[in-house]
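Note that ligands are numbered from 1 as they come in the structure, with each ligand's atoms numbered from 1 the same way. Since the model is a prediction, treat every value here as computed from it, not as a measurement.
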Amino acid sequence: MLKSYIQECKALQEKFSQKNPTQKLITNCQNTLNPNDYTLSFFENLEQKSTEPMQIAIVGQFSSGKSTFLNALLGQDILPTGITPITSKVCKICYGEDYILEILYKDGRKVLQNVEFLHKLTRENSKNIDHFCLYAPILLLKEINFLDTPGFNSQNSDDTHATLKVLEQVDGIIWLTLIDNAGKNSEKALLKEFSAHFAQKSLCVLNQKDRLKNEIEIQTSVEYAKIAFDGIFANVIPISAKLALKARLNTTEKFLETSLLSLAHSIQDIALKRTESALSPKESLQKLQELYVSTQEKINTQCSNQKDFEALMQDSNMPLIFEFLNQTIKPKASFAKAHSALKRLKEMHIHLHLQYHKINQSYKNLQKILRQSNAEFVQSCTTSKAKEQKIFNALYLNLDVLLDSLAQKIFNALEKQHIIFYKDTKTLLGTKSKAQVKEVTILPLEKIKIALQNQDTQLVKDYKAISIKIKNFLELFVDSIHQNTNTLSQKIFLWQDFTPKSLELYLIAPQSQALQDLYHFTQHCYENILADFNKDALVATSFLHSELNVLSNFLSLNYNNAIDLTLTRLDLRIKNAIAKHQENQEEFALFNPTLENVREALNDAFCFEQFQARLFGPMNSLNKAYAQFLEQSKQTAESKTQLIAQTSFALKKEIDKITQNLKAIRAQTLTL
Ligand SMILES: Nc1nc2c(ncn2[C@@H]2O[C@H](COP(=O)(O)OP(=O)(O)OP(=O)(O)O)[C@@H](O)[C@H]2O)c(=O)[nH]1
Ligand SMILES: [Mg+2]
């Protein structure tokens, strides 16, 4: 297996080393590019085109003598000719070891036939045929292929169509026109359509010059055609295809080809009859004698006519056509092949470069949107936070005022009572207890509790209202945050809509991986980009939601407890102080709560410090929620931008490869 692999590699290397520089460059370019960026047929076609013989189409009005002209070129009366429109299918004439006809059907079938088949064709029985390929053992065909085409201006528009299609693929044309009718406006209009494409590789042939009276008429027609077709053709040559064909069918080579073959047949025939004893020795000798004499006569005629046929050939002007083909077309053929292959290769690379550039640009546009989003988020959050912060602070101040009035109410409810305290004094007679009446503050616990915990009082209603306001504050925040993500979504959806449209114009490689990736990315824009920003918004919202819930629930569920706790603590403190004072008046003072003492007790029971920190402090919950959203969305934008940057980097690498190829193509073009 390894052996066959090595052999395969060697064969490939050998094939590669036989390639000319243009072909090598084509292969290099193909190897460099991403396989999804081109179709195999493009490079196969390109390489084939750069090696195959030059394609020259014989075109002109119907019955101008195109097929006769090609027969004269081939030196064979193969292609059917006639005074009505005859050729209805394109016939490509290429090099082959033998004369053989390949029929290429419209359904893709290929069938080999004798060349005589062409003469049996009718429009009816050739309906399913697309075109023909005629193989002939003529060396010129190794370098130039000719295409016989249906004539223009026949009544069948399909013929004109078939010819126009051929013109898109060939490298040059021979325009064949009647010498006494050349340079008509209709001809010029038709030629102008495609002549620029062929430039100096085209020839105008004025046919049937034998029908004009003399050389002066011929020259007049040539001059007229030269002016009429100015700039379109490399040359204008008057010929007679009919005379040329006649001359070519009667050359000494042709004579030898046919005579030697028939002589061999005749001798073989005599020999056969001799072995079968059908001929006596005398008869056989006589037959040989006759064959000798008739052959001698044919040779004599050929020798005496040879000069006439040579003159006929000169007179037909056909040698000028061969000269043009050999001296003008052939040298240009290889150059033209390489040039056209490089041109197509360059065009393909430029388009591909543009496609990659556009893809990259699309990603860059997205990066720009993401970068801008960050700055826009900061700006919009700063504005909305400034507004919301005032409302947020007001919630805290409301609670503060409410606790103040609660404190006042409790303070006002404190009562004074007179209690007798006994103080022991030591006398000479022993210890003596002395009674002393003192005014003390007491807390009518149950009475205040009932008054403060009555749900119908304005105070309790205000208190509940704060709880609801704190809970509802979240909506404001959610609206502001969504405003940010919605603006970003709109921009991204616009980008998503615009991206495929912006690429339509530059599509050369629809299967390109980079393009497919971009399409996939745009189709999944939400999952790829927006989902994470929405998640950031959700995380910040959830944070604030739980913060506000804690505060709001504390206020709504804990009011009675907090009041209980405040009053019980105050009462205990007062009672403790009285008890201690009872024990030792010097050491322990009575406790007469001030307004501040009451407020402090309320602060404690209501966890006021928590409210202060979460609603008012420098790092209050609103501040934290916004900071969290901005930080998270900044990180999200950065990670997305970085991801896109990686894609962009890979794209740039491809673009660099294409640029390198383009440089090599340009350099190779300069060497031609
Ligand atoms: N007198 C004269 N007749 C010619 C010459 N060349 C061709 N013809 C005749 O012109 C007629 C048309 O020739 P074709 O070769 O069939 O012309 P074509 O351009 O191939 O015609 P379509 O295939 O129908 O478009 C035939 O009868 C030819 O014999 C020429 O040089 N002189
Ligand atoms: Mg023809």
Nearest non-hydrogen protein atom, atom 25 (O) of ligand 1: K66 NZ, 2.8 Å
Does any N/O atom on G65 come nearer than 3.5 Å to any N/O atom on ligand 1? yes
More than 12 foreign heavy atoms under 6.0 Å from NZ of K254: is that the case here? yes
Can you tell me which residue and heavy atom of the protein come closest to atom 22 (P) of ligand 1, and the distance to 0.1 Å? S63 N, 3.6 Å
May I ask you to check whether T149 has an N/O atom sitting below 3.5 Å from an N/O atom of ligand 1? no
Would you check if K209 and D315 make a side-chain contact, meaning some heavy-atom pair closer than 4.5 Å? yes
Proximity of D210 to ligand 1 by residue part, where a heavy atom lies under 4.0 Å: side chain
If you measure every N/O of D148 against every N/O of ligand 1, is any gap under 3.5 Å? no
Distance only, no hydrogens: is a donor on one side chain within 3.5 Å (strictly under) of an acceptor on the other, for T87 and S67? yes
Heavy-atom check, side chain of S240 versus side chain of Q208, under 4.5 Å: no
Do I56 and N145 touch side chain to side chain, with heavy atoms closer than 4.5 Å? no
Atom indices of ligand 1 within 4.0 angstrom of F62 heavy atoms, with elements: 25 (O)
Checking a contact table here: which protein heavy atom is nearest atom 24 (O) of ligand 1, and how many Å away? I86 N, 2.6 Å
Flag the pair P21 / Q668 as yes when at least one side-chain heavy-atom distance between them is below 4.5 Å, and no otherwise. yes
Polar side chain donor-acceptor pair, Q660 to T32, under 3.5 angstrom: no
State plainly whether the residues D230 and K226 are in salt-bridge range, i.e. N to O under 4.0 Å. no
Is K142 close enough and on-axis enough to Y95, meaning under 6.0 Å and within 45°, for cation-pi? yes
Within-cut-off N or O pair, T81 and ligand 1, under 3.5 Å: no
Check: E310 and Q314 side chains under 4.5 Å, non-hydrogen atoms: no
For the Mg ion (ligand 2), does an N/O/S atom of T68 lie at less than 2.8 Å? no
heavy-atom search around atom 23 (O) of ligand 1 in the protein gives T87 OG1, 2.7 Å
Of the protein's non-hydrogen atoms, which lies at the shortest distance from atom 4 (C) of ligand 1, and what is that distance? Q208 NE2, 3.2 Å
N or O pair under 3.5 Å between S64 and ligand 1: yes
Kindly give the heavy-atom pair with the smallest separation between T220 and I216, and that separation in Å. OG1-O, 2.6 Å
Near the Mg ion (ligand 2), is there an N/O/S atom from S67 that is less than 2.8 Å away? yes
Please work out whether any backbone atom (N, CA, C, O) or any side-chain heavy atom from C-beta onward of T68 is under 4.0 Å from ligand 1, and answer side chain, backbone, both or neither. both
among protein heavy atoms, the one nearest atom 6 (N) of ligand 1 is N207 ND2, 3.1 Å
Applying a 4.0 Å heavy-atom criterion (strictly less than), which segment of R211 is in contact with ligand 1: side chain, backbone, both, or neither? side chain
Checking the N or O distance criterion of under 3.5 Å, is ligand 1 in contact with A241? yes
Nearest non-hydrogen contact to atom 12 (C) of ligand 1 from the set C91, G82, P80 belongs to G82
So F229 and F233, would you call those rings parallel, tilted or perpendicular, with 30° and 60° as cut-offs? perpendicular
Under 6.0 Å from the CZ atom of F322, do we count more than 12 heavy atoms belonging to anything else shown? yes
Can you list the ligand 1 atoms lying under 4.0 Å from a non-hydrogen atom of G151? 25 (O)
I239-ligand 1 polar pair, N/O distance under 3.5 Å: no
